[in-house]
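Below, chain A is the first sequence line, B the second, and so on; all start at residue 1. The structure presented is a predicted model; accordingly, all values stated were derived computationally and were not measured.
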2 protein chains.
Amino acid sequence: MPEPVAKFAVTVDLVILTVQRDVLHVLTVTRAVPPFEGRAALPGGFVHPDEPLPAAATRELSDETGLPHDAGHLEQLATYGEPGRDPRGRVITVAYLALLADPPQPAGSADWTATGPLLADPAALAFDHHRILSDGVERARAKLEYSSLAAQFCPPEFTIAQLRRIYETVWGTRLDPRNFHRKVTGTPGFVVATDHHTSSDRGRPARLYRRGPATSLHPPLLRR
Amino acid sequence: MPEPVAKFAVTVDLVILTVQRDVLHVLTVTRAVPPFEGRAALPGGFVHPDEPLPAAATRELSDETGLPHDAGHLEQLATYGEPGRDPRGRVITVAYLALLADPPQPAGSADWTATGPLLADPAALAFDHHRILSDGVERARAKLEYSSLAAQFCPPEFTIAQLRRIYETVWGTRLDPRNFHRKVTGTPGFVVATDHHTSSDRGRPARLYRRGPATSLHPPLLRR
DNA sequence: GAAATAGTGTCTTTGAGACAATATGGG
DNA sequence: CCCATATTGTCTCAAAGACACTATTTC
């Protein structure tokens, strides 16, 4: 006796993070219709019938940012399916985490929002998006420790100080510039030196680096 | 113009790991019907209409093992939804990872299978379960480094040597018993000493410990 | 030259790894 | 006693953190 198989609406929601002016920002959209009309929410949308989940995430990402499909870093975060998380009915959402370097100003009702106030107020975002954002930010924080992901927040060429400010912004800590420099340049494959330098606004010009081939950091760069 | 919302069958699949006789095992079921009839698969089942995802995972876990709902460790692993991963149609599965200490022999067609051969042969398991198992084992391996999860593979009271063999089994490495002992007993909250001892089969009797309150390890216990 | 930032060198401390030495049970 | 395993101690090395010092730019 085969029991009837329940079917569910499935969406993809995106936590798209970037660092702007030394503040961690997330892309939000303002909801134009109930429920949560006028409230900020994470961008997302329904998965198409024959669409792979990563394809849906990539599609939403470029729709919302206007960036090409291969821009930045994208990984699956987690899946949220509490009955009642959407007042309209049962919706299961697969959340993805994206990290971008200096993306363009988005079109439509989308905008970059500082994560600080959103994390402090559990009701600032619609649905259970506060929880999803919290999980996304925590994942990003944790991965900076043992992966080279921080460089995904930087443009193709960047200084060690820029990379350090990424860590300081995401972690909310201070790092010793000198020890950080030694650690980063001493980890094989993390960054690759170019022969370009910044035209310094103040102080000695800094060498520019590119992302190296390494994906994981051994030993890790631990938070205090 | 609201586009029609596609609906999907959603299942929960389980990677249930345990260590038996110094070998990492996973719970598998033998499929009784096509597709993949007679092939081993991870246990799982459809999510009920108003059932939270963790509830579905817990339900499947106790159905398959006969264990109470609060036994062992259970966490969400990842979600797999490739069109075509199930030949019968589009099915999205939310995979969970469970870690158990000396569970009972399961009933029905379920059985404990050594992970080694399953990981070596991508076609040993039905569907995309090879990928799911690989991800689950890799998650467990990684989490042993920076969490106290290894103790979840141990009975309520265990020796440091038992705990060490968990690490050696899951990682496939050798660890120095003396350095491991210092590290584990020196990490606050990882293990708590009891005043019980083993009745030694050979050698000096070992003190028995319980799981401590700590959940994360700082600094981590890194693989070589 | 003064100020600012980049980058190097050095010392101290912490913790991992190697391994000797000691403790305590069973034959 | 001998053997095996548990547990402690000691030494060495690698890497993190503190911080003096040098380098190179703008003003």
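- Of all nucleotides listed (D:dT24, C:dG15, D:dG9), D:dG9 comes nearest to the side chain of B:Asn179.
- In this structure, A:Phe180 places its CZ atom 15 Å from P of D:dA18, rounding to the nearest Å.
- Using a 4.0 Å cut-off between a side-chain N of Lys or Arg and a carboxylate O of Asp or Glu, A:Arg139 and A:Asp135 do not qualify as a salt bridge.
- Per the geometry, NE2 belonging to B:His197 stands 22 Å off P belonging to D:dA4, to the nearest Å.
- A side-chain N or O of A:Thr28 and one of A:Thr113 form a donor-acceptor pair less than 3.5 Å apart.
- Looking only at distances, no side-chain donor or acceptor of B:Tyr167 sits under 3.5 Å from a matching main-chain atom of B:Ala150.
- Distances shown here put every side-chain N or O of A:Arg202 at or beyond 4.0 Å from the OP1 or OP2 atom of D:dT26.
- B:Phe158 has its CZ atom 20 Å from the P atom of D:dT5, to the nearest Å.
- Nearest-nucleotide positions on DNA chain C for B:Leu222 and A:Tyr209 put A:Tyr209 closer to the 5' end.
- Closest contact between the side chain of B:Arg182 and the listed nucleotides C:dG7, C:dG17, D:dG17 involves C:dG17.
- In terms of heavy atoms, B:Phe158 sits closest to B:Arg211 at CE2-N, 3.7 Å.
- Residue contacts for A:Arg207: at a heavy-atom cut-off of 4.0 Å it reaches the sugar-phosphate backbone alone, with no base atom in range.
- Side-chain atoms of B:His73 do not come within 3.5 Å of backbone N or O of B:Leu99 as any donor-acceptor pair.
- Between the P atom of D:dC19 and the CG atom of A:Leu175 lies a distance of 16 Å, rounded to the nearest Å.
- The side chain of A:Lys183 places no N or O atom within less than 4.0 Å of a non-bridging phosphate oxygen (OP1 or OP2) of D:dA15.
- Distances shorter than 4.0 Å separate some side-chain N or O of A:His181 from OP1 or OP2 on C:dT8.
- Among the atoms of the strands shown, none is found under 4.0 Å from any heavy atom of A:Pro177.
- Checking the phosphate oxygens (OP1, OP2) of C:dG7, no side-chain nitrogen or oxygen of A:Arg178 falls inside 4.0 Å.
- Rounded to whole angstrom, the span from the OH atom of A:Tyr146 across to the P atom of D:dA15 amounts to 21 Å.
- The distance from atom CZ of A:Arg204 to atom P of D:dC21 is 18 Å, rounded to the nearest whole Å.
- For the pair B:Arg174 CZ and C:dG17 C1', the computed distance is 17 Å after rounding to whole Å.
- In this structure, the CG atom of B:Leu221 is 20 Å from the P atom of C:dT14, given to the nearest Å.
- Nearest nucleotide to the side chain of B:Ala206, out of C:dG7, D:dA18, D:dT7: D:dT7.
- Ranking C:dA16, D:dA15, C:dC19 by closeness to the B:Asp176 side chain, first place goes to C:dC19.
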